[in-house]
Amino acid sequence: MRLALYTGIILAGGFTCLTPALAADPTGDWRVADGVANIRVAQCSGSMWGAVSWEKQPGGRDENNPDASKKNRPTLGMATLIDMKKKPGVDQWEGQVYNAKDGQLYSATITPAGPDQLEIKGCVMGFLCGGETWTRVGPPIPLSSANAIAKGAPKSTGAAPKAPATTGATAPAPAPAAPKAAAKPGQKGADQVGDICLLPEIAGFAH
């Protein structure tokens, strides 16, 4: 089933060791090896998370999930990389990956291989490891405003700054609205996922 291909890393061969010199930002949109989906990776509250941001065949459902309440949930926006923490001293993150083939979580790592490739490796019970390479189709993602507290940045109130008091002066004209971002490569039409850190599944740190 094509849902099994969204992560495609459990018991798959071909993982290549990387050198630290090739390390790059793992955030952004990545096309999985067989091209059936894009995974958006972002830093959410200090961890890396990934979610399906585009599907070649829209309308997928998480039909292999053993939890009956989740079998009908859309695969678009579904978390695949789960709470991945950076390993000390290396450009690698480890956590869990959701394998849509059987609806289970497995140990996994992500390692950037230069600016345009991301190596994914997953293991079953610490052995039978394999992996694949994803290709970048979207630029690195700046830290989400939803996670400013996690990085020690000041929290925005969301209110516009007050204009200084003036006497008889004409109020300045409002600034023009910022242009809308173009759709990311590999996606058709408007972005349907947006900031994955705001997805309920990731914001609640639950799967």
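The residues of the chain are indexed from 1 along the displayed sequence.
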Taking atom [atom1] of [X] and atom [atom2] of [Y], what is their separation to the nearest 0.5 Å?
| X | Y | atom1 | atom2 | value |
| --- | --- | --- | --- | --- |
| Leu81 | Thr109 | CG | OG1 | 10.5 Å |
| Gln96 | Gln104 | CD | CD | 10.5 Å |
| Glu55 | Thr75 | CD | OG1 | 3.5 Å |
| Asp195 | Ile141 | CG | CD1 | 7.5 Å |
| Trp30 | Ile39 | CH2 | CD1 | 12.0 Å |

Can you tell if the side chain of [X] reaches within under 4.5 Å of the side chain of [Y], non-hydrogen atoms only?
| X | Y | answer |
| --- | --- | --- |
| Gln43 | Pro26 | no |
| Met48 | Thr27 | yes |
| Val41 | Met84 | no |
| Gln117 | Pro112 | no |

Of the non-hydrogen atoms in [X] and [Y], which two are nearest, and what is the gap between them?
| X | Y | result |
| --- | --- | --- |
| Met78 | Tyr98 | SD-CE2, 3.7 Å |
| Ile202 | Cys197 | CG2-CA, 4.2 Å |
| Trp134 | Val32 | CD1-CA, 3.5 Å |
| Leu199 | Gly77 | CD1-O, 3.3 Å |
| Ala37 | Val52 | CB-CG1, 4.5 Å |
| Arg61 | Asn72 | NH1-O, 2.7 Å |

Short question: side chain of [X], backbone of [Y] - any donor-acceptor pair under 3.5 Å?
| X | Y | value |
| --- | --- | --- |
| Glu132 | Ala33 | yes |
| Arg136 | Pro115 | yes |
| Arg40 | Trp49 | no |

Using the salt bridge (charged side-chain N to carboxylate O under 4.0 Å, His left out) rule, take Lys70 and Asp62 through it: C-alpha gap first, then chi angles, then the decisive distance, then the call. CA-CA 7 Å; Lys70 295 182 178 179; Asp62 190 19; over 6 Å; no

Could you tell me which residues satisfy side chain to side chain donor-acceptor pair (under 3.5 Å) with Lys71, sequence neighbours excluded, listed by chain and number? none

Partner set under side chain to side chain donor-acceptor pair (under 3.5 Å) for Asp67, not counting sequence neighbours: Ser69

No-hydrogen, no-angle side-chain donor-acceptor test under 3.5 Å, Ser53 and Asn38: no

May I ask you to check whether Thr111 and Gln92 show a side-chain donor-acceptor distance below 3.5 Å?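 A donor-acceptor contact under 3.5 Å links the two side chains.
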
Grouping I, L, V, M, F, W and Y whenever their side-chain heavy atoms are under 4.5 Å apart, do Leu105 and Ile196 come out in a common cluster? yes

